[in-house]
Participant: 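Below: one structure in structure tokens.
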Amino acid sequence: MSNVRVRFAPSPTGELHIGGARTALFNLLFVRSAGGTFVLRIDDTDLERSRAEYIDKLIDSLHWLGFEWDEGPYYQSGRIKEYTGEAERLLAENKAYRCYCSVEDLARARDAARGENKTFLYPGTCRNLTPAAEESLRKEGRGAVIRLRTPDHGTTVVDDQIRGEVSFENEMLDDFIILKSNGQPTYNFASIVDDLQMKITDVIRAEEHLSNTPRQILCALALGYELPRFSHVPMILAPDRSKLSKRHGATSVEEFYNEGYLPEALINYIALLGWSPGEDREILSLEEMIESFTLQRVNKTAAIYDVAKLAWMNGHYIREYDPEKLAEAALPFFRKRGLVEGDLPAEGYDYLKKVIAAVRERARTLVELADAAEYFYIGRFEYDPKGVKKAFQKEGTAELLRTLTGELRSLETFNMESTEALYHAVSERSGLSFGRLIQPTRLAITGRMGGPGLFEIMELLGKEKTIARMEKAIGYIESLN
RNA sequence: GGCCCCUUCGUCUAAUCGGUUAGGACACCAGCCUUUCAAGCUGGCAACAGGGGUUCGAAUCCCCUAGGGGUCACCA
């Protein structure tokens with residue numbers, strides 16, 4: 001195993017977002033192609049917003065996607081000692097200092113600056129407090145935060161693996177807080193301390209962190225560690241180019257699961273959002289992605305996520321999936337629809353697989369798959385109104401169906417071959433086109449105008465149900481007049 | 001507003017040391033196949049944000065403009 005180490009560090013403040021999933025994926029692809037170690041870390045320093053239930057959901061989503069990590073999960077909430085320790089060290093080395101300014105005073109100063117259209121930078125009020133002055137402030141009972149003493153001049157350069165060198169003027173950076181008055185570290189501090197202590201070699205994360213990177217570099221430098229390499233991957237945007245949110249439909253991995261997407265399809269799709277293997281290939285397995293993944297081929301441009309392509313890709317995976325796996329994945333959706341209830345006996349499972357084999361070609365999601373399978377389980381359905389007009393309301397349809405039903409009933413072996421042969425015979429004998437026979441029959445036994453081959457449906461349904469549905473349809477047609 | 005990043009078909013993208021009729025995929029349209037609906041196959045529509053340079057030659061290098069995004073918290 002190489003010494004390459006990466007981490008995925010979500011904060012448990014919501015479900016795993018599609019952007020987060022892609023960040024996790026890029027980390028995974030990178031580390032697997034390097035033969036390194038994948039660390040999972042939960043960034044839960046925000047006590048207000050972090051929730052235990054989200055941690056479970058996060059982990060469920062990662063499992064569902066099939067992303068396996070080698071170390072962790074580590075929890076920042078359990079590492080307070082490390083942050084305090086590093087902060088104390090900086091304090092002792094005079095690279096950081098305590099600040100007693102109140103939240104209110106700072107907010108006021110910030111508002112004033114904003115009013116003048118200026119950027120607020122912490123003015124350094126407590127930067128050079130004498131021990132005596134500190135003592136008296138402490139006696140007043142004022143809480144203190146710890147701020148990093150940042151350089152006033154010079155440039156901090158982020159050597160980004162995707163974007164190249166990005167420079168920031170240190171003058172634009174103020175003495176930011178690394179430890180809050182409640183003893184919790186701020187994100188920038190906790191994040192870099194963890195990355196350093198956990199010997200992360202490559203930090204691969206979303207672009208929104210690029211602007212914060214110089215602060216983290218300053219922390220690392222003050223702490224005296226070697227820097228990790230940084231890569232900032234572009235964001236995923238909604239179709240209107242705004243940040244992806246609830247009103248744009250499904251955005252979390254959990255929602256994609258609920259809508260009937262397969263993990264392989266979702267992974268394949270998000271991988272292509274900002275990365276391409278460099279050849280004209282769209283369908284890639286995780287292994288193939290690992291093989292051709294490099295950070296150099298990751299795009300700099302934000303990508304707009306397009307459900308239509310995801311749906312197409314998911315349809316492709318549904319068609320190609322292993323039948324056993326597909327049945328397993330689809331079963332919950334059949335249950336949700338009330339097609340399957342309770343335990344499924346072996347023959348029920350067998351039937352399920354046959355039904356899926358018949359309809360899988362026309363479904364783009366597992367929800368659509370269950371929908372397409374409905375009449376295989378439920379005999380009560382409405383007839384498609386358009387179909388009624390086209391197929392049922394033609395002169396002599398009831399009579400035609402009655403003839404066909406009679407013929408069907410006399411069939412000893414009822415299967416795909418025998419029913420099809422029968423229909424051909426009737427077509428020939430009566431002079432009616434094959435389509436003329438098929439259309440009303442299809443509507444009668446499925447209620448729909450499209451679907452798998454008619455004789456395949458008949459065989460699956462069996463003689464009894466087929467005939468019962470035919471008779472029901474005859475009654476319906478006659479009631480139309 | 002300051003700072004930072006970005007800009008190829010409607011969307012995802014290829015063209016990674018300047019020379020291509022700017023390629024592929026989704027979507028859309030048409031045709032083929034077909035018992036229907038799909039799937040599949042064939043073809044079509046469709047892009048280098050704008051303006052200046054550099055160069056024999058620019059999607060590609062430089063500058064400016066415009067647009068989009070990110071960030072500037074005792075949020076992550």
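Residue numbering restarts at 1 for every chain, and letters A, B, ... go by the order of the sequence lines.
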Participant: Would you indicate which nucleotide in B/G69, B/U71, B/A25 comes nearest to any side-chain atom of A/E282?
Facilitator: B/A25

Participant: Using a 4.0 Å heavy-atom cut-off, does A/S211 contact any base of the nucleic acid, only the sugar-phosphate backbone, or nothing at all?
Facilitator: base

Participant: Between B/U7, B/C12, B/C74, spot the one nearest the side chain of A/I177, thanks.
Facilitator: B/C74

Participant: Grab the CG-C1' distance between A/N182 and B/C74 for me, whole Å please.
Facilitator: 7 Å

Participant: Check whether A/T419 reaches the backbone of A/N415 with its side chain - one donor and one acceptor, N or O, closer than 3.5 Å.
Facilitator: yes

Participant: Applying a 4.0 Å non-hydrogen cut-off, can you work out what A/Q296 is touching in the nucleic acid: base, sugar-phosphate, or nothing?
Facilitator: base

Participant: Out of A/I178, A/I177, A/N182, A/L179, which one pairs with A/V145 under the side chain to side chain contact (heavy atoms under 4.5 Å, CB included) rule?
Facilitator: A/I177

Participant: How far, in whole Å, is B/A39 from B/C28 if one measures between their P atoms?
Facilitator: 9 Å

Participant: List the steps, then state whether side-chain hydrogen bond (donor to acceptor under 3.5 Å, both in side chains) holds for A/H232 with A/R205.
Facilitator: CA-CA 5 Å; A/H232 290 92; A/R205 59 183 12 166; 3.2 Å; yes

Participant: Base, sugar-phosphate, or nothing for A/C101, non-hydrogen atoms under 4.0 angstrom?
Facilitator: base

Participant: Quantified in whole Å, what is the P atom distance between nucleotide B/G31 and nucleotide B/U16?
Facilitator: 39 Å

Participant: Heavy-atom nearest nucleotide on RNA chain B for A/E207 versus A/N188: which residue maps closer to 5'?
Facilitator: A/E207

Participant: How many whole angstroms separate atom CG of A/N314 from atom C1' of B/C26?
Facilitator: 14 Å

Participant: Could you list the donor-acceptor pairs under 3.5 angstrom formed by side chains in residues 6-14 of chain A, with sequence neighbours left out?
Facilitator:
from, atom 1, to, atom 2, distance (Å)
A/R7, NE, A/D195, OD1, 2.8
A/R7, NH2, A/D195, OD2, 3.1

Participant: Can you check the distance between B/G23 and B/G44, where both ends of the measurement are the P atom (answer in whole Å)?
Facilitator: 11 Å

Participant: Rounded to the nearest Å, what distance is computed from the CZ atom of residue A/F176 to the P atom of nucleotide B/C74?
Facilitator: 12 Å

Participant: A/T13 near the nucleic acid: base, sugar-phosphate alone, or nothing, with a heavy-atom cut-off under 4.0 Å?
Facilitator: nothing

Participant: So which nucleotide from B/C74, B/C72, B/G70 ends up closest to the side chain of A/V145?
Facilitator: B/C74

Participant: Looking at A/Y54, does the NZ or CZ of A/K57 lie under 6.0 angstrom from its six-membered ring centre and within 45 degrees of the ring axis?
Facilitator: no

Participant: Out of B/C72, B/A73, B/U11, which has the shortest distance to the side chain of A/N212?
Facilitator: B/C72

Participant: Side chain of A/V166 only, please: which of B/G10, B/C5, B/U71 is the nearest?
Facilitator: B/C5

Participant: Could you give the distance separating B/C5 and B/C9 at their C1' atoms, to the nearest angstrom?
Facilitator: 24 Å

Participant: Is there a side-chain contact between A/K300 and the phosphate of B/U8, meaning an N or O under 4.0 Å from OP1 or OP2?
Facilitator: no

Participant: Taking only N and O in the side chain of A/R110, is any of them less than 4.0 Å away from OP1 or OP2 of B/A73?
Facilitator: yes

Participant: When all nucleic acid strands are considered with a 4.0 Å heavy-atom cut-off, which category describes A/S191: base, sugar-phosphate, or nothing?
Facilitator: nothing

Participant: Which is more 5' along RNA chain B, the nucleotide nearest A/R147 or the one nearest A/M235? Just name the residue.
Facilitator: A/M235

Participant: How are the rings of A/Y383 and A/F392 set relative to one another: parallel (under 30°), tilted (30 to 60°) or perpendicular (over 60°)?
Facilitator: perpendicular

Participant: Provide the distance between the two P atoms, one in B/C48 and one in B/U60, to the nearest whole Å.
Facilitator: 12 Å

Participant: Tell me the interatomic distance from A/L210, atom CG, to B/A76, atom C1', rounded to whole angstroms.
Facilitator: 16 Å

Participant: From the options B/C26, B/G69, B/A14, select the nucleotide whose nearest atom is closest to the side chain of A/N299.
Facilitator: B/A14

Participant: Assign a letter to each nucleotide of nucleotides 34-41 of chain B from its 5' end: B, base within under 4.0 Å of a protein heavy atom; S, sugar-phosphate only; -, no contact.
Facilitator: -BBBBSS-

Participant: Distance check, P atoms only: B/G18 and B/C56, in whole angstrom units.
Facilitator: 15 Å

Participant: Ignoring backbone atoms, establish whether A/S276 has a side-chain N or O less than 4.0 Å from OP1 or OP2 of B/A14.
Facilitator: yes

Participant: Are A/F293 and A/F26 close enough that their ring centers fall under 6.0 Å?
Facilitator: yes

Participant: CD of A/Q76 to OH of A/Y187: how many Å apart, nearest 0.5 Å?
Facilitator: 8.5 Å

Participant: Measuring from atom CG of A/D322 to atom CG of A/L326, what distance do you get when rounded to the nearest 0.5 angstrom?
Facilitator: 8.5 Å

Participant: Can you tell me, in whole Å, how much space there is between the P of B/C64 and that of B/A47?
Facilitator: 29 Å

Participant: Would you mind telling me which of B/A15, B/C5, B/C12 lies closest to the side-chain atoms of A/L272?
Facilitator: B/C12

Participant: When all nucleic acid strands are considered with a 4.0 Å heavy-atom cut-off, which category describes A/R205: base, sugar-phosphate, or nothing?
Facilitator: nothing

Participant: Using the C1' atom on both, measure B/C12 against B/C3 and round to a whole Å.
Facilitator: 30 Å

Participant: Do the side chains of A/E320 and A/R360 get close enough for a salt bridge, i.e. N-O under 4.0 angstrom?
Facilitator: no

Participant: Please tell me if A/T45 has a side-chain N or O lying less than 4.0 Å from either OP1 or OP2 of B/A76.
Facilitator: yes

Participant: Side chain of A/T301, base of B/C6: donor and acceptor closer than 3.5 Å?
Facilitator: no

Participant: What nucleotide, of B/C26, B/C6, B/G70, holds the atom closest to the side chain of A/D306?
Facilitator: B/C26

Participant: Within the 4.0 Å heavy-atom criterion, would you say A/H209 contacts the bases, only the backbone, or no part of the nucleic acid?
Facilitator: base

